[in-house]
Enquirer: 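Just passing along the structure, written as structure tokens.
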Amino acid sequence: MTNYWLMKAEPAEASIDDVLAMPNATVGWTGVRNYQARNFMRDGMQLGDGVLFYHSSCAEPGIVGIARVASGVTVDPTQFDPASTYFDAASKPDAPRWLLVDVQVLHKTRNFTLPQMRADAALSDMLVLKKGSRLSITPVEPQHWAHILRTLGISVS
DNA sequence: GCCAACGTTGGC
DNA sequence: GCCAACGTTGGC
């Protein structure tokens, strides 16, 4: 059973172009520091799940690409790195708090911007568009996934 | 930079 | 366990 997700990245930190420049267009999704988002990765994600790659905290927030979950969950090493902005002194190596998955970009798309998403009646009940939604990872309904791919003219087998 | 909304912390 | 204070997210 394939599931679908929307994952937010800050382009100043890891844009879709940055990921495309990496080997296999794959990045370890470091820095998730919210338990709900972590639990989605741990309990919900499976290898091969579909991912909407979203740019946040930038001039034009929106969906900029289609990706896939390219690994199972593993420990996020940045939590143990004092030099990292994601360092968590309270997390112990024998009981790691924070996890990551690898994400592989499959298609860069035009920017399906946040205002365009909000204007699209078919997406009106998407979790990420709910008032006050701040989660960096949200599940996406199959019909929303299909509608977005159709809108972007993408077919993913 | 503002601020609404939400999450986390910690005193009690 | 409650909840006030504080911190963070993220659009604008």
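In what follows, every chain begins at residue 1, and chains take the letters A, B, ... in the order their sequences are listed.
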Enquirer: Do D120(A) side-chain atoms and M117(A) backbone N/O form a donor-acceptor pair below 3.5 Å?
Expert: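 Not at all, since once roles are kept as given, no pair shorter than 3.5 Å links the two residues.
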
Enquirer: Taking R97(A)'s backbone N and O only, do any of them form a donor-acceptor pair with S91(A)'s side chain (distance below 3.5 Å, no angle check)?
Expert: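 The answer is yes, because a donor-acceptor pair under 3.5 Å joins these two groups.
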
Enquirer: Could you tell me which residues satisfy side-chain hydrogen bond (donor to acceptor under 3.5 Å, both in side chains) with H55(A), sequence neighbours excluded, listed by chain and number?
Expert: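 side-chain hydrogen bond (donor to acceptor under 3.5 Å, both in side chains) check on H55(A) returns nothing, list empty.
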
Enquirer: Tell me the closest heavy-atom pair linking V128(A) and L6(A), and the distance in Å.
Expert: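 The answer is CG2-CD2, 3.8 Å.
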
Enquirer: List the protein contact pattern of nucleotides 6-11 of chain B with one symbol per nucleotide (5' to 3'): B for base contact, S for sugar-phosphate-only contact, - for none; contact means a heavy-atom distance under 4.0 Å.
Expert: BSS---

Enquirer: Atom CG of L129(A) and atom C1' of dA4(B): how far apart are they, to the nearest Å?
Expert: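 Spelled out: CG on L129(A) to C1' on dA4(B) is 17 Å.
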
Enquirer: Tell me whether the centres of the aromatic rings in F53(A) and W29(A) are closer together than 6.0 Å.
Expert: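 Ring-ring flag for F53(A)/W29(A): true, centres closer than 6.0 Å.
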
